[in-house]
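Data first, discussion second: the structure below is written as structure tokens.
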There are 2 protein chains.
Amino acid sequence: MPKYIDIAGDIRNKIHNETYKTGSQIPPEYVLCGEYDCNRETMKKALKILVDEGLIVRRRGAGTFVMNHASKEKITSLSVTKNFPDQKVTSDVVVFEVIRSDARVADKLGIDKGTFVYHIIRNRSLSDTPYCVSESYLPVAMFPDLRKDVLYGSLYNYCEKTLKLKVQSSNISITSPLATKNDAFLGLNEFDGLVQIESIAHMNDGRTFEYAIIRMHPFSFRYEDCVILA
Amino acid sequence: MPKYIDIAGDIRNKIHNETYKTGSQIPPEYVLCGEYDCNRETMKKALKILVDEGLIVRRRGAGTFVMNHASKEKITSLSVTKNFPDQKVTSDVVVFEVIRSDARVADKLGIDKGTFVYHIIRNRSLSDTPYCVSESYLPVAMFPDLRKDVLYGSLYNYCEKTLKLKVQSSNISITSPLATKNDAFLGLNEFDGLVQIESIAHMNDGRTFEYAIIRMHPFSFRYEDCVILA
DNA sequence: GAGTGGTCTAGACCACATC
DNA sequence: ATGTGGTCTAGACCACTCT
């Protein structure tokens, strides 16, 4: 584990501990460098992490200060299975087919129109309570052996455990359209409001592996973010 | 302007230009250092920016690759006025009062319960179309001279232009609760779905200056993010 | 083994805030 | 004037990927 990650973790603890209190100034770089026996650039790297997390602000000439960090954690996963490790996740596979991609799907996945993709629709539940309807498109070329039984579990786990691929990042777009008859699984009537997350997910080698449209009951939805505006 | 920001900008352009195409590998650090006449650590700083933006991925031992960057921009402002510079923003000030903060508001603002805060409710329109209902709480101590006429315009502009304070970051939480009678301005009936953004906004000196609850018509809402999962 | 990115250091100089 | 953080460099060593 790199030293700067450890240092960031330790200082993060001190903030959560109130060793460094909200609004207060923390020691300057050169002091922290002494405490943690590291170079100034290493300390900068550590503190940069906390800045990105919105826990501290740094002002040239003034110092480093603890932000009001009343709020919660940042989202760390789009995987239903990982987000709710303590709950039973079940999936009903409504559609599992291979089709030629249309222009829209091809564009999202960054492939040529007409390339074969899996088209998958799953009704997913948490502890037997309907949670979301997810529609996914995945290039067949990247998952030559995808079988239906995988879909009852976690697609992300399958990528990471079985295929040894790493999920890197996802560009998401959240909107709130109206429900259709296809959303009845969520307990919604046509024209009720719902929350839709479109996700374009990438491997750590940069390839796009999934375009997904996830539709949720509005009451199941919550999204947290820290927006740096400066 | 720091060199690493310039370099990041130039490489970002090359990615948008397709000089560096989606999925392709870009030159290794030492080559880029030569091209831009900089040190390796400076180049790392530049590339880190693009990694954080989700434009590239870097893999030790393998190289640096351009991600599929089909998707849009990251949110850069919570200010309605700044987000829609070309549209006429109007605000109807429904409530403007000074009250003692209750426990919830005090907690969000990081102040003591009972401290005086402004309580402001505004119905805001874009080009005369209802856009959102915003309810804000601001510590009176931080805005001793806040007058109602400021509220017809942009509170964020007032902070930055008049008070010379810089808005640093905001912790937001997005949910989708039901409309109440108070949301009639948005054209919604009671029990219709809406989108609510709670925001806790901070100055660049770390002080929390606003707790806001913004309620929008679902059709007006879209939120984009790049979630790094690795 | 050769090439890539990741970490860390020591030191320099600068810009800004505060007093 | 002092102290703070911001930038940049030169160089070292390491860990990983690829073939």
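In what follows, every chain begins at residue 1, and chains take the letters A, B, ... in the order their sequences are listed.
The interatomic distance linking B:Met1 (CE) with C:dA15 (P) rounds to 14 Å, in whole Å. Taking atom CD1 of A:Ile5 as the reference point, atom C1' of C:dT7 lies 11 Å away to the nearest angstrom.
Ring pair B:Phe143/B:Phe209 is tilted by interplanar angle, where 30° to 60° counts as tilted.
For the pair A:Lys148 and A:Phe96, the cation does not sit on the ring face, since its NZ or CZ is not both under 6.0 Å from the ring centre and inside 45° of the axis.
Ion pairing between a basic and an acidic side chain is recognised when a charged N comes within 4.0 Å of a carboxylate O; A:Arg12 and A:Glu53 show such pairing.
Judged purely by distance below 3.5 Å, without hydrogens or angles, the side chains of A:His202 and A:Glu210 never pair a donor atom with an acceptor atom. At a cut-off of 3.5 Å, with distance as the only test, a side-chain donor of A:Tyr211 or A:Glu198 sits close to an acceptor on the other residue. The closest side-chain donor-acceptor pair between A:Ser170 and A:Ser199 falls under 3.5 angstrom.
Looking at residues 42-61 of chain A, you'll see A:Thr42, A:Arg59, A:Arg60, A:Gly61 sit with a heavy atom under 4.0 Å from some atom of DNA chain C. Applying a 4.0 Å cut-off to non-hydrogen atoms, the residues of residues 27-40 of chain A that approach DNA chain C are A:Asp37, A:Cys38, A:Asn39, A:Arg40, listed by residue number.
Around the CG atom of B:Asp112, the shell of radius 6.0 Å holds no more than 12 heavy atoms that belong to other residues, nucleotides or ligands.
Between B:Thr64 and C:dT4, a side-chain N or O to OP1/OP2 separation shorter than 4.0 Å is absent. One finds a side-chain N or O of B:Lys3 lying less than 4.0 angstrom from the OP1 or OP2 phosphate oxygen of D:dT9.
Looking only at distances, no side-chain donor or acceptor of B:Lys3 sits under 3.5 Å from a matching main-chain atom of B:Ala46.
Heavy-atom nearest nucleotides on DNA chain C were determined for A:Ala62 and for B:Ala62, and the one closer to the 5' end corresponds to B:Ala62.
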